[in-house]
Amino acid sequence: MSRTKSISRRKFLVATGVAGGGLILGLNLGCTPVIPHTREGSFQPNAWLQITPDGQVIFQLTKTEMGQGVFSSLPTVLAEELDYDPKKITIEMAGIHPEFADPATKVQLTGGSNSIASNWLVLREAGAGARAMLVAAAAKRWQISEKLCSTDDGQVISPDNNRLSYGELANDAAKVGEIDFQLKPASQFRWIGKPDARLDSVAKSTGTAQFGMDIVRPNMKIAVVVRPPYFGGAVQSWDAGSVSGADGVNAAFAIHSGIAIVADSYWQARKAAKQLVVKWDKGPLAGLDSEAIRKGHQTALAEGEPHIAFEKGQLAPVIQRSQNVVQAEYASPFAHHSPMEPQNATAIVTGKSCEIWAPSQTPDMSRALAAHFSGLNRDNITVHTPFLGGGFGRRGYPDFVGEVAAIAVGVPGTAIKLIWSREDDMQHDFYRPATYHGLQGALDEKGRLLAWQHKVVSTSIIQGLGVNLASTVLPSWVPSSTARSLGKLLGDTMAEADPTTAEGAHIPYDADNISIEQVLYDPGIRNGFWRSVGFSHNCFASESFMDEMAHKAGTDPVQFRLKHLAQSLRHINVLKLAAEKAQWGSPTNGLSQGVAVTAPFDSYCAMVADVSVQDKQYTIERIVAAVDCGIVINPDIVQAQVESAIIYGLTAATKAPVTIKDGAVEQSNFHDLPVMRINEIPLIEVYLVSSNEKPTGIGEIGVPGVAPALANALFAATGQRLREMPLILS
Amino acid sequence: MVAFTLNNNSVNLDLSPDTPLLWALRDSLQLNGTKFGCGAGLCGACTVIIDGRSTRSCVMPVSSVEGKSVTTIEGLGGNHPVQQAWIEHNVAQCGYCQSGQIMSAVSLLESNPSPTEKEIKSAMAGNICRCGTYQRIVRAIKTASHSAVDRTQFYDAAPKNTPAESQ
């Protein structure tokens, strides 16, 4: 674990330059902008960390906090190597800077369960490098070797117990040149691996945490937008007079997405919206409904030209020869995100500049979209990120930021807070696409898996991301309309082979003949990343079908999986742990069990569901989960994320789904899109596999396995194989 | 004009009488701890306590709280046993619904200081949490119920001790 490394030349320049004063100017004149929230005179060894001479240790949080715990875990990683109690760090939501871009996507996107995975080494090095510079500064002052110095929670200590605080050393540390440093061995971790309290816990238990919804600016007005309910629909005509005299209303005008109404308060804006007279053009999807989409899926499965995502052996002849073939079709519906905080954003346009407060998973894509819809240059737009009241993928789509920018530019000099209603949120979501799955499997005479085919029919999620990606990544001098055209092209090019379409369909099981295929089918409904993305529907199909194969082979579902998992010790470990903790094979009287094992986002998760069934109703009594996500920063947050994902997954697996009628979403609020409530929850037990592997994802890990574990338990209880979510016994 | 008591202070508001209490709190008084979640009394994010009863402020016209006593999350003072239990159990994830959850829990313990698990789940069923913190909510309420021996402390807005430390 320990290693020696030099701070990169670029980071070193930032380090020495900021305290010297000159480099800020230099950076401004060059192409790299100043890191937002830089304090003049602070020791800034890298983009994430500053230490001020008066002893403040300031951390820039480059991933947005939406419940998954990065506000606690990322500072802890840096603090561990800096040797400074994470609880004492001042944490700031980072502004936009190239240094903060995700290495994989090149944008500042929080998603893909990669916050810890992608920042683990970077932040450790940032902390360790800073600590080495502070030690060097102290050693120089004491005229002793650095090797004789130690550190303890914010102080450098000499052999004769002289102590200098990090603040006292800040100025000198900023003048330290290039330096070698070592990372701590895991055995010396003091904060990593401990179930410490979340650093946002007090604020979130006292009503003081500031969400986007809570932003208040001087003389701020509230805006709502009345949008066409139809996908691809438009305003045909509207009567400004229907709202012009309404109580508290300041302005009403058309923007790209509908009619914006600006009022003194939300209630006044909402009341005016209800009396707005508007006629809609239903657009290209008029008449489309869920039944037609299902038929489209089935036609695509039967006739569509598949893209081969993975192929091994000879599928067709093997299936033809086999005496033990199973075939099945699976389906999952459109799924809504419904974070508890409805979409919102605040903006003020002053001259050619704009300041935005947006609870978004992607501040730089938000800025690009704001630039496009306001006509302002994105270099003149500042984005602040408050806490997010849930994200789950929805807030990776900053459509609400584009709207607020368009409204704010219409009333320059006035701060505007745009607030969506719950109905807006549910009817204008970026839904998990409805998908359809054709599976075939064959066994040999000994009951071993011989062949496996999974054909996924889905819309491409990546396709729609192209526009936002391109307009964020391309230089700001590229006109946004050009960037968007290029992005559209990019998205269209990636659609057919979109890797998220078949993710989770790639089974870990040994079989000589495997074919994983995907067929593109796009009914035109807005779609997007939904917690665990492709894994959420593909694992439902593949882990349910694995159970069908086990049943065909007459083998216990856990044993059948273990028999085909020789290649992956980490799959085996979680599966055995879950089975052991759930007393697999000897369930509590009257209960039936189902199992699933998945490996989303480089982590491993096995689940056992215990159910009881009475008539056609079932009760989920318990979910046992075993997880291996490598080294754990905070085991309590990891467990909480798995508990969270299980509840989120169970809503999608058991509750009424989003359906389409006449090109619009039929549902509107929690009465017709119900979600799991506290009186419906199973007992959840989460067990962690101890690991020295590098940390991997956790926020989405618990979603994919829960639906198939439940479906398999219901099969064990009733003999009914439920192949479509939501799972309803007949 | 409507007059009521808010967290032990009297307030007077000149608002359209149909304005929901939620928006009176948020837009007129900038008391933003109480959250907007659904606008239809379905999710509980806006829960406040009115004369001892947990109430959905998003569907409660401000005119109907005339002369009544309203307690919001801010009125708990930050060191309430329920808030302490919430911190102890690391309940909050995104945290958006937690003001409403805490107010429902406070109201439950006021009427039933030692609820069973079933009673807790039944009383809290009106509060949605999309982060799925439910299991921890149940445990936190059990913890708070054990420490909540003095009924009167639930509506005392004045902090009693030093602010709760992170565990």
Side-chain angles (χ1 to χ4, degrees), chain A residues 65-69 87 196-211 213-214 216 222 247 264-268 270-271 338-342 387-392 419 421-423 636-637 640-641 643-648 669-671 675-679 681 683-684, chain B residues 15-16 18-20 23-24 26-28 30-40 42-43 45 72-74 76 78 82-84 86-88 90-99 102 118 120-122 124-138 163-167:
Chain A
E65 173 60 63
M66 47 191 168
Q68 83 281 40
K87 286 196 284 294
D196 288 334
R198 291 175 64 113
L199 299 177
D200 53 4
S201 210
V202 172
K204 288 178 174 177
S205 305
T206 52
T208 54
Q210 193 174 54
F211 297 89
M213 192 67 86
D214 305 329
V216 176
I222 307 291
D247 185 29
D264 294 338
S265 71
Y266 177 76
W267 184 244
Q268 290 166 328
R270 185 54 64 200
K271 266 168 77 177
S338 303
M340 289 312 296
E341 180 190 23
F387 281 120
L388 279 59
F392 315 117
I419 301 178
S421 66
R422 176 57 59 188
E423 289 79 5
D636 192 62
I637 293 179
Q641 280 308 293
E643 293 164 14
S644 168
I646 286 169
I647 300 294
Y648 205 79
N669 207 321
F670 289 116
H671 66 289
V675 297
M676 185 153 273
R677 291 175 183 267
I678 199 169
N679 56 340
I681 59 165
L683 174 67
I684 298 174
Chain B
L15 279 176
S16 166
D18 64 347
T19 306
W23 296 107
R26 293 184 59 86
D27 280 353
S28 302
Q30 263 102 55
L31 220 51
N32 279 334
T34 308
K35 302 303 185 207
F36 166 53
C38 70
L42 298 165
C43 81
T72 67
I73 185 81
E74 291 88 351
L76 297 185
V82 170
Q83 291 175 305
Q84 287 179 11
W86 243 247
I87 293 161
E88 182 187 329
N90 257 347
V91 171
Q93 290 187 27
C94 90
Y96 191 80
C97 73
Q98 297 299 346
S99 294
I102 288 169
K118 203 173 173 191
I120 291 172
K121 287 180 172 176
S122 164
M124 299 298 294
N127 289 77
I128 292 173
C129 172
R130 285 290 275 156
C131 298
T133 63
Y134 298 131
Q135 185 159 292
R136 287 166 187 248
I137 288 174
V138 173
E165 288 284 324
S166 297
Q167 302 298 305

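Below, chains carry the letters A, B, ... as their sequence lines are ordered, and counting in each starts from 1. Just so it is clear, the model here is predicted, and its values are computed rather than measured.
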Could you give the distance from OG (A:Ser338) to CD1 (B:Ile128), rounded to the nearest 0.5 Å?
8.5 Å
Looking at A:Glu341, A:Gln68, A:Gln210, A:Gln268, which makes the most heavy-atom pairs under 4.5 Å with chain B?
A:Glu341
Report the option among B:Cys97, B:Ser122, B:Ala92 that has the most heavy-atom pairs separated by less than 4.5 Å from atoms of chain A.
B:Ala92
Once you measure the plane-to-plane angle for A:Phe387 and A:Phe211, does it fall in the parallel (<30°), tilted (30-60°) or perpendicular (>60°) bin?
tilted
What residue, out of A:Ser205, A:Gly69, A:Gly389, A:Gly207, has the most heavy-atom pairs lying under 4.5 Å from chain B?
A:Ser205
Between A:Asp196 and A:Lys87, does any NZ, NE, NH1 or NH2 come within less than 4.0 Å of an OD or OE carboxylate oxygen?
no
Would you say the ring centroid of A:Tyr266 lies under 6.0 angstrom from that of B:Phe36?
yes
Pair count under 4.5 Å, heavy atoms only, with chain A: among B:Gln30, B:Gln135, B:Gln98, highest is B:Gln135
With a 4.5 angstrom heavy-atom cut-off, is it the side chain or the backbone of B:Ile102 that approaches chain A, or both, or neither?
side chain
Engaged part of B:Trp86 at the chain A interface, taking heavy atoms whose separation is under 4.5 Å
both
Relative to chain A, which of B:Lys35, B:Arg130, B:Lys121 shows the most heavy atom pairs under 4.5 Å?
B:Arg130
Interface check, chain A: of B:Gly132, B:Gly37, B:Cys94, B:Gly33, most non-hydrogen pairs under 4.5 Å belong to B:Cys94
Under the side chain to side chain donor-acceptor pair (under 3.5 Å) test, which residues partner B:Asp27, sequence neighbours left out?
none
Highest number of heavy-atom pairs under 4.5 Å with chain B among A:Met66, A:Glu423, A:Met213 belongs to A:Met213
What distance do A:Ile681 atom CD1 and A:Met676 atom CE have between them, rounded to the nearest 0.5 Å?
8.5 Å
Would B:Ile137 and B:Met124 satisfy side chain to side chain contact (heavy atoms under 4.5 Å, CB included), going step by step from the backbone distance to the final call?
CA-CA 9 Å; B:Ile137 288 174; B:Met124 299 298 294; 4.0 Å; yes
As an exercise: rank A:Ile678, A:Thr206, A:Ile647 by heavy-atom pairs under 4.5 Å with chain B and give me the winner.
A:Ile678
Side chain to side chain contact (heavy atoms under 4.5 Å, CB included) evaluation trace for A:Ile222 with A:Ile419
CA-CA 7 Å; A:Ile222 307 291; A:Ile419 301 178; 3.9 Å; yes
Of A:Gln641, A:Arg677, A:Arg422, the largest count of non-hydrogen pairs under 4.5 angstrom with chain B goes to A:Arg677
Between B:Gln83 and chain A, with a heavy-atom cut-off of 4.5 Å, which part of the residue counts as in contact: side chain, backbone, both or neither?
both
B:Arg136 and A:Glu643 ion-paired at < 4.0 Å:
yes
Contacts of type salt bridge (charged side-chain N to carboxylate O under 4.0 Å, His left out), residue A:Asp200, not counting sequence neighbours:
A:Arg198, A:Lys204
Tell me, side chain or backbone of B:Ser16 under 4.5 Å from chain A's heavy atoms, or both, or neither?
side chain
Counting heavy-atom pairs under 4.5 angstrom with chain A, the leader among B:Asp18, B:Leu31, B:Ile120 is B:Asp18
What part of B:Thr19 is in contact with chain A, defined as an atom under 4.5 angstrom from a non-hydrogen atom: side chain, backbone, both or neither?
both
Looking at A:Ser265, A:Ala209, A:Pro342, which one has more heavy-atom pairs under 4.5 Å with chain B than the rest?
A:Pro342
